[in-house]
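Values below: every heavy atom of this structure, side chains too, minus hydrogens, waters and symmetry copies.
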Amino acid sequence: MLKIHFSGEDILRTRVAPAADPVWELVLSLHLLQGRGRDPLTENWRRTVSRGLRQDAASDQLRLLFALSPPRGYFPDFLTPYASVDGFEAGLDAVRSTPAKRLHRDLTVLASENSLPSSAGALARGEVAALSHLAESMEQYRSLAISPYWSRIQSAVAADRSRRARALLDGGMEGLLTSLRPAMRWDGGVLEVRDYPHSRELHLDGRGLLLVPSYFCAPTPVALLDPALPPVLVYRVDRLGALASADGAGPAVSGAGRDSLAALLGRTRAAVLEASDEGCTTGEVARRLNISAAAASQHATVLRNAGLLVSQRDRNTVLHTLTPLGRAMLDA
């Protein structure tokens, strides 16, 4: 079990990442791609990416990146720098700038449990060419495995952020931390990650905690090993259906989805779309628009089938939030 200890100052400084973190998603997707487990929601993604890697002449160049991201156990902290909260390029710049001492330390820990290719030696010494090669490999893998699916990943993370925001508004920071169940339990100033593979105590010491919602995270949340680094806890969001790409590499939009798009014309559904801009439950939609809960649910279903909304159940309520496509349509 991982126990994260909060002071009053830590609670004030705890926040949720502003969007899906592209570097965390990249690294965690490597774990999923190499793992033995099968999830129906990501199986099409897995087959498509594996096929692309076999066909890609540059796939051999990704060998070190895969070796640094084993499906289970430790992976180097330097691969997921705190700077990636500001975007992929900021994260890559931080990877390229990793001090040699930290590279050597992280790779020594990794090598104690895994076999690494010979190119890891140059990386452990902090050679500029090795760091540049690693960054290029991350860019190559991202273009194949992450970028085509980014819209769906963003939608799932945005829906989770709306859920956490409502928990914060309704119950304060205690409500937010309590909403992380069942993977975590908030109890008397301590956040417990129950199924964590090792017994650890992490004292935030006034630094606060960055909560990172992630599409590709395993069911058990992930924390960095080094307690001196800015505290981060990554947790899995509801995946909201199978992972589809924006360019057709994933499942195609169904006939029902196309029919729903054609059915969008009308003031009421436009109003439901607008009401969902910052997240809205079915009951709140009904009250705002002065329609029945059944009608609000029906309109939300049409919008969801058209790919404009995502709906997330939390106990007795269903929260509707916009997808990137829904937001673009609303803005237009």
Side-chain angles (χ1 to χ4, degrees), residues 17 19-35 42 45-71 74-111 114-151 153-154 212 214-217 222 224 226 229 232 234 243 245-247 249:
D21 188 306
V23 177
W24 271 107
E25 296 294 355
L26 184 156
V27 172
L28 294 176
S29 76
L30 285 163
H31 300 175
L32 188 150
L33 187 64
Q34 300 177 86
T42 57
W45 167 86
R46 189 173 186 164
R47 286 195 301 268
T48 302
V49 172
S50 296
R51 184 166 57 249
L53 288 171
R54 289 194 296 269
Q55 296 172 351
D56 190 347
S59 60
D60 288 344
Q61 299 178 19
L62 301 176
R63 185 182 175 201
L64 176 60
L65 178 61
F66 273 78
L68 295 178
S69 307
Y74 172 79
F75 63 95
D77 288 342
F78 76 82
L79 270 186
T80 52
Y82 193 87
S84 65
V85 72
D86 293 323
F88 186 69
E89 292 303 325
L92 276 195
D93 286 344
V95 170
R96 293 188 190 97
S97 304
T98 306
K101 181 178 180 180
R102 185 174 165 200
L103 289 166
H104 182 270
R105 180 198 61 196
D106 285 6
L107 292 175
T108 298
V109 175
L110 182 65
N114 300 271
S115 176
L116 299 180
S118 58
S119 55
L123 185 63
R125 293 189 294 272
E127 294 183 12
V128 174
L131 283 164
S132 296
H133 172 79
L134 176 60
E136 291 170 4
S137 298
M138 294 174 73
E139 289 180 310
Q140 291 171 4
Y141 176 80
R142 181 197 185 208
S143 67
L144 175 67
I146 304 297
S147 295
Y149 306 89
W150 191 239
S151 177
I153 293 168
Q154 285 180 305
V212 181
S214 166
Y215 190 95
F216 284 110
C217 187
V222 178
L224 299 175
D226 187 350
L229 293 172
V232 172
V234 186
L243 190 59
S245 74
D247 60 4

Quick one, Leu107 with Leu68, criterion side-chain contact (heavy atoms from CB on, under 4.5 Å). Give me CA distance, side-chain angles, the key distance, then yes/no. CA-CA 8 Å; Leu107 292 175; Leu68 295 178; 3.4 Å; yes
Any sub-3.5 Å donor-acceptor pair from Thr98's side-chain atoms to Val95's backbone N or O? yes
Measure the shortest side-chain to side-chain distance between Pro22 and Ile146 over non-hydrogen atoms and say whether it is less than 4.5 angstrom. no
Considering non-hydrogen atoms only, spot the tightest contact between Leu92 and Ala135 and give its length. CD1-O, 4.0 Å
Minimum-distance pair of heavy atoms, taken over all atoms of Ala100 and Gly126: CB-CA, 4.1 Å
With rounding to the nearest 0.5 angstrom, report the CZ to OG1 distance, Arg47 to Thr42. 10.0 Å
When rounded to the nearest 0.5 angstrom, what distance separates CZ in Phe216 from OH in Tyr149? 8.5 Å
First locate atom CG of Leu53, then atom CD of Gln140, and finally report the distance between them rounded to the nearest 0.5 Å. 10.5 Å
Taking only residues at least two apart or on different chains, which pairs with a member in residues 21-31 satisfy side chain to side chain donor-acceptor pair (under 3.5 Å)? Asp21-Ser84, Glu25-Ser214, Ser29-Tyr141
Enter the distance from Leu65:CG to Leu26:CG here, rounded to the nearest 0.5 Å. 6.5 Å
Answer whether the closest heavy-atom distance between the side chains of Tyr82 and Leu229 falls below 4.5 Å. no
CG of Leu134 to CG of Leu79: how many Å apart, nearest 0.5 Å? 6.0 Å
Quick one: closest heavy-atom pair of Asp77 and Asp226, and the distance? OD2-N, 2.9 Å
Side chains of Val234 and Thr80 in contact at under 4.5 Å (non-hydrogen atoms): no
Determine whether Leu30 and Phe75 satisfy the following criterion, side-chain contact (heavy atoms from CB on, under 4.5 Å), listing intermediate values before the conclusion. CA-CA 11 Å; Leu30 285 163; Phe75 63 95; over 6 Å; no
Begin with the C-alpha distance, continue with both residues' side-chain angles, and end with the deciding distance and a verdict on side-chain contact (heavy atoms from CB on, under 4.5 Å) for Met138 and Val23. CA-CA 9 Å; Met138 294 174 73; Val23 177; 4.1 Å; yes
Atom NE2 of His104 and atom OG1 of Thr108: how far apart are they, to the nearest 0.5 Å? 4.0 Å
Let's go through Asp106 and Tyr74 carefully: what are the C-alpha distance in whole Å and the side-chain angles of both, what is the deciding distance for side-chain contact (heavy atoms from CB on, under 4.5 Å) to 0.1 Å, and is it a yes or a no? CA-CA 9 Å; Asp106 285 6; Tyr74 172 79; 3.4 Å; yes
Closest contact, heavy atoms only, Ser50 versus Leu33: OG-CD1, 3.6 Å
Search all heavy atoms of Ser69 against all heavy atoms of Val27 and return the closest pair with its distance. OG-CG1, 4.1 Å
Closest approach of Ala67 and Pro117, non-hydrogen atoms and distance? CB-CD, 3.5 Å
